[in-house]
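See structure below.
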Amino acid sequence: MPAIRNRRLRTLLAPPALLAATALVLTGCAGARAGEPADPEATTAAESCVDTSGDTIKVGFINSLSGTMAISETTVSRSLTMAAEEINAAGGVLDKQIEFVQEDGASDPATFAEKAEKLIQQDCVAAVFGGWTSASRKAMLPVFEANNSLLFYPVQYEGLEASENIYYSGATTNQQIVPALDYLVEQGAESLFLVGSDYVFPRTANKIITAYAEEHGIEILGEEYAPLGSTDFTTIANKVADSDADAVFNTLNGDSNVAFFAQYDSLGLDAETMPVMSVSIAEEEVPGVGLQYLEGQLVAWDYYQTVESPENEKFVSSFKAAYGDDAVTSDPMEAAYTSLYLWKNMVEAAESFATDDVNDAADGVTFDAPEGTVTVIGENNHITKTPRIGVINSEGLIDTVWETEEPVVPDPFLETYDWAEGIA
Amino acid sequence: MDGVISQLVAGVSIGSVLLFVALGLALTFGQMGVINMAHGEFIMAGAYTAWIMQNILGDAGLSLIVSIPVAFLVGGLLGVILEEVLLRRMYHRPLDTLLATFGVSLILQQAARSIFGAPNKEVRSPEWLAGSIELLGANIPVKRIFILVLLVIVVAALASLLTYTSLGRRIRAVVLNRDLAEATGISTRAIDRLTFFIGSGLAGIAGVALTLVGSTGPTLGTNYIVDAFLVVVIGGIGQIRGAILAAFALGIAQAFIEMGTTATWARFIVLILIVLFLQWKPQGMFVVRTRSLA
Amino acid sequence: MTAPTRLSPPVDLDRPRTRTMISPGIGIPTWRSLIIGLTLMAIALLVVAPALMSSFELNRLAKYVCFAIVAVGIGFAWGRGGMLTLGQGVFFGIGGYAMAMHMQLADAEFAGAAAPEFMMLYGSGEVPIWWEPFRSPVFTIVAVIVLPALLALALGYAIFSRKVKGAYFAILSQALVAAFGVLLIGNQATTGGFNGLSNFQSWFGYVLADPANKRMIYFIAAAVLLAMIFVAFLLMRSRFGELLVATRDAEERVRFLGYNPATVKVSAFVVAAVMAGIAGALFVPIVGIISPADIGVTPSIVFLIGVAAGGRASLFGPAIGAIAVAWAETSLSESFPDVWSYFQGLLLVLVIALLPGGVASLAGKIRTRKTAEGAAR
């Protein structure tokens with residue numbers, strides 16, 4: 001049993017000893033400081049470990065297969081898988097077969113970032129496809145920029161972003177929200193009530209809607225936010241009903257839609273008296289929300305299963321063959337499918353898998369997607385899309401009631417719209 | 001005045017949902033000090049039962065009515081299994097039951113995902129529940145009235161069970177003084193199992209009721225579990241009438257605060273109010289006064 | 001009247017306290033076990049891991065080390081103090097957001113912008129008053145330690161002095177986490193909302209993208225973990241530590257002896273909170289993002305799984321358990337994404353039900369059995 005003196009000595013010495021050891025270790029390990037010109041040799045993170053020597057090329061799929069977002073993201077994983085298999089059957093990319101690594105983002109942004117880093121640094125993938133919430137994308141952004149790799153993000157989002165290392169195959173605001181507003185105006189709406197979940201996308205969307213409304217003389221009779229995952233809309237639905245607005249612009253997410261529509265319906269509102277324009281409900285979500293509430297309601301996307309084109313027919317039948325007759329196709333998973341093909345076309349245009357080469361060759365690359373022919377706009381890494389306003393029909397599918405004549409060029413910062421000055 | 005009435009009505013309907021999810025919990029928590037974090041998943045099981053019934057029977061109205069007793073049985077059965085397999089070993093460790101049942105809830109959630117798939121399921125509500133009624137100047141959806149009526153029936157049944165039947169007397173005896181009850185020959189094991197059965201069965205019924213107002217999916221339980229616990233804690237452990245009061249108080253508070261600010265702030269404020277309330281009455285509204293020091 | 005009989009054998013207060021004398025759960029760790037354990041951990045974390053692992057794996061280990069720091073605090077408060085806190089996420093979040101705010105401001109200053117990017121996008125473009133103090137690195141470091149401590153102090157006194165304990169406390173802490181999450185999400189313009197704060201370029205002047213710096217941060221985290229274990233050790237061995245265990249096991253008797261159990265519990269709660277705050281602050285440069293998803297109810301409970309599995313009342317159990325469980329999560333979720341949830345739930349159930357003392361108690365049981373065998377021979 002050590003004597004008291006030694007014990008006290010030990011207690012006193014231990015923390016400084018630990019600190020000293022740490023300091024020694026640290027001085028040897030410190031890297032670049034901010035503000036110093038980066039030593040080109042030192043930043044080895046930019047070195048890609050992608051192996052292009054063999055017959056296969058690795059890519060990564062990152063989707064939430066567990067957690068709350070699994071509801072929406074599982075189908076994206078499926079369409080990506082189907083696209084990879086199709087491409088392989090047709091000969092692959094630059095004669096290499098695609099070997100994909102599927103990772104689970106677990107509905108958690110930090111996990112997305114971590115898995116993305118794993119895919120890039122450990123699995124050495126040439127590109128990653130996926131992400132869903134803006135939180136997951138923003139978490140992954142620094143990873144892709146630091147490693148100079150590529151992410152293909154398939155979901156409609158709130159815009160105000162453009163990165164060298166991300167290709168956005170989902171709609172930005174001027175390809176979804178603005179056309180939706182144009183449609184409502186065309187239909188004679190003079191007042192709107194805005195309902196959304198309390199997070200980035202609805203708040204940003206509503207900022208845009210408010211600016212648009214000011215310009216076009218539409219009255220915003222209310223702007224209400226419910227906490228994410230909230231299922232109580234008694235008050236909000238009452239406010240909506242009392243406002244007597246011409247239409248409701250709905251940016252609610254997930255489960256909240258069910259509760260909102262249930263409440264809206266029981267107050268006697270319907271698509272004739274006060275139509276609801278939703279931007280987060282696609283074919284995949286319709287059964288979950290309830291066809292009884294949604295029939296006749298409006299949605300704004302760029303693709304529906306009912307789009308008539310030979311590419312789409314083939315797409316839908318292949319998907320049903322692979323995943324069952326009850327499987328439905330929707331905008332985000334179609335955008336994901338398209339993104340894999342776009343990547344293939346970009347790589348073949350560049351004749352290389354390296355990120356910088358792909359970026360140089362990307363501008364103008366096209367693909368005949370189920371949604372129509374899309375073109376990559378190199379200036380902001382988004383693609384042209386055709387906004388379509390749809391009505392939910394009695395089978396739970398969506399019929400197009402309005403679409404633009406030409407695909408719309410993406411403008412994530414809304415620079416081409418005067419009324420949007422001050423938002424970006 | 002109109003706004004006040006409609007918010008009051010809104011508060012009552014929020015409260016009725018809260019009470020539904022908390023009732024079973026009040027029983028099990030109060031009865032045995034068992035904190036069942038899987039209670040939310042029993043609710044989820046009840047909701048899925050409603051969906052299955054609807055798929056089998058087709059008609060929304062019939063399946064709704066039939067689901068109620070079936071969900072009661074399903075929930076109760078799950079509860080008894082949980083009790084038999086797990087909780088039996090842990091009665092003297094309440095905090096550990098909380099964690100263990102949280103583990104069970106994770107398993108049940110994933111099981112739901114594996115069996116039914118991650119996307120939500122549609123449970124259609126019957127025609128005769130559509131629309132709303134005008135009462136005192138406020139619009140009350142018929143569905144919510146149905147839930148309230150169902151709740152009243154369930155609470156009345158529970159209350160009469162506890163007050164008038166010999167089984168109820170035995171349950172109350174075990175809650176008040178377990179050792180003495182055992183000494184008078186009551187099999188506390190059997191009573192515990194039965195109470196758990198009833199409490200979990202009530203969760204099942206709550207699940208059926210929830211299909212009318214929300215979506216049916218694997219994460220249904222997680223949406224309500226925290227609120228359910230708060231209701232029980234505020235009401236006082238083991239006090240059914242406490243749970244009733246607490247649920248409606250919370251519902252009305254939420255509705256009124258929401259009128260003044262946004263829903264987000266309302267939720268935050270209500271949570272803070274609960275913390276403050278527990279400062280004032282840490283044992284909840286109604287306390288069973290005992291001489292024991294525990 | 002006979003002389004009152006002794007109710008218990010006389011106790012020799014100067015007797016050496018060895019582990020085998022007392023059952024696991026109140027065993028006081030010895031200096032020997034500390035030195036052996038710390039040395040082994042130091043070798044594993046500071047020498048073996050950096051040598052064998054790629055920079056990506058090392059960064060992931062750094063994340064686990066952060067969780068381990070939270071776990072040490074939880075082990076202290078829960079294992080030794082009996083306070084099942086489901087709300088460590090709040091303190092983790094406070095530390096994390098404090099650090100994140102500083103980093104965002106530093107990045108903005110460096111880039112010459114008026115305000116962090118997300119404020120330009122979603123807010124007014126101006127930095128709110130309550131963000132300003134976080135420009136200073138010193139204030140930030142102090143805040144990371146002091147803010148969680150203050151909140152824990154306030155909450156602790158409020159809760160424990162009213163004798164709220166056990167189940168109530170657990171549920172209350174859950175409600176607080178929920179409230180905090182709601183607060184963060186609802187204030188997108190100033191807290192980043194649901195997206196959280198991310199896209200950091202530098203940490204106290206060191207460029208984050210540089211792998212050498214990431215390595216350095218790993219070493220800092222590992223060193224902090226070792227230091228925290230040491231602090232926990234000192235606390236466990238002190239009078240306060242014994243008092244804490246006594247409060248856990250027999251609170252009323254402690255009160256009758258003249259101590260105020262509330263003070264004891266609050267102190268332990270503060271210790272756990274500070275550790276969680278420090279872990280949160282380290283988490284940000286390592287993972288690169290802090291969002292409400294990282295501080296919610298589920299992560300808070302996941303911290304507990306590791307502690308429970310490792311042995312909540314032991315010294316090294318919580319830390320090692322947390323690292324092991326987090327590691328298992330990543331490996332299993334990569335290979336079998338569905339199975340991971342089952343595994344998580346099952347692990348929790350089995351450990352709690354069958355082995356409440358965690359893996360650490362196994363070691364104790366083996367030793368007592370050997371001693372018994374030895375004595376029997």
Side-chain angles (χ1 to χ4, degrees), chain B residues 29 33-35 37-38 85-90 93-111 113-114 118 218 222 225-230 232-234 237 262-272 274-276 278-284 292-294, chain C residues 78 82-84 86 155 158-187 250-253 255-256 296-298 301-302 304-305 307-308 312 338-354 356:
Chain B
F29 196 3
V34 168
I35 306 162
M37 290 290 284
V85 169
L86 185 64
L87 298 177
R88 193 157 52 101
R89 309 166 196 275
M90 303 174 49
R93 298 190 271 147
L95 295 185
D96 287 353
T97 59
L98 189 152
L99 282 182
T101 50
F102 183 75
V104 172
S105 89
L106 287 178
I107 296 175
L108 287 176
Q109 263 187 60
Q110 190 56 32
R113 231 172 252 131
S114 307
T222 53
I225 189 74
V226 175
D227 287 322
F229 271 117
L230 290 176
V232 172
V233 163
I234 293 177
I237 304 287
T262 68
T264 316
W265 275 112
R267 180 128 184 83
F268 179 72
I269 293 175
V270 167
L271 287 168
I272 298 297
I274 292 174
V275 175
L276 291 174
L278 284 174
Q279 277 302 99
W280 176 43
K281 282 194 175 290
Q283 309 277 34
S292 74
L293 292 172
Chain C
W78 178 35
M83 291 175 277
L84 178 59
L86 298 180
L155 283 175
I159 295 172
F160 296 126
S161 60
R162 298 292 290 162
K163 300 195 204 174
V164 174
K165 55 178 178 278
Y168 290 91
F169 175 62
I171 293 167
L172 204 59
S173 53
Q174 261 199 329
L176 285 168
V177 170
F180 189 51
V182 166
L183 192 62
L184 285 174
I185 295 178
N187 287 296
E251 187 169 327
E252 291 307 318
R253 288 190 200 175
R255 198 189 307 274
F256 292 154
V297 175
T298 313
I301 298 192
V302 170
L304 287 164
I305 298 180
V307 175
R312 71 187 88 150
D338 289 340
V339 173
W340 165 246
S341 294
Y342 287 124
F343 179 75
Q344 218 182 17
L346 212 59
L347 179 66
L348 193 52
V349 171
L350 288 176
V351 166
I352 297 283
L354 299 178

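Just the heavy atoms: all of them, side chains too, but no hydrogens, waters or symmetry mates, feed the values below. In what follows, every chain begins at residue 1, and chains take the letters A, B, ... in the order their sequences are listed. Here the structure is a predicted model, which means the values were calculated and not measured.
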- How about B:Leu86 and C:Val349: do any of their side-chain heavy atoms sit closer than 4.5 Å? yes
- Answer with side chain, backbone, both or neither: which region of C:Arg253 has an atom nearer than 4.5 Å to a non-hydrogen atom of chain B? neither
- Exercise: identify the closest heavy-atom pair between C:Tyr342 and B:Ser114: OH-OG, 3.0 Å
- Can you name the nearest heavy-atom pair linking B:Phe102 to C:Leu348, along with the distance? CD2-CD2, 3.8 Å
- Query: Any side-chain heavy atom of B:Leu99 within less than 4.5 Å of one from C:Ile305?
  - Reply: no
- Non-hydrogen atoms of chain B under 4.5 Å away: do they reach the side chain of C:Ile185, the backbone, both or neither? neither
- Query: Got a second to check how far C:Phe343's CZ is from B:Gln110's CD, nearest 0.5 Å?
  - Reply: 14.0 Å
- Side chain from CB out, backbone as N, CA, C, O: work out which of these in C:Leu176 comes under 4.5 Å of a heavy atom of chain B, or both, or neither. side chain
- Query: For C:Leu84, is it the side chain, the backbone, both or neither that has a heavy atom under 4.5 Å from a heavy atom of chain B?
  - Reply: both
- Message: Looking only at heavy atoms and a cut-off of under 4.5 Å, which of C:Gly181, C:Ala179, C:Gly82 has the most pairs with chain B?
- Response: C:Ala179
- Task: Check C:Ala175 against B:Val226 and note the closest heavy-atom contact, atom names and distance.
- Result: CA-CG1, 4.5 Å
- So which heavy atom on B:Asp96 is nearest to which on C:Ile352, and how close? O-CG2, 3.3 Å
- Interface residue of largest heavy-atom contact number with chain C, from B:Ile272, B:Leu98, B:Ile274, under 4.5 Å: B:Leu98
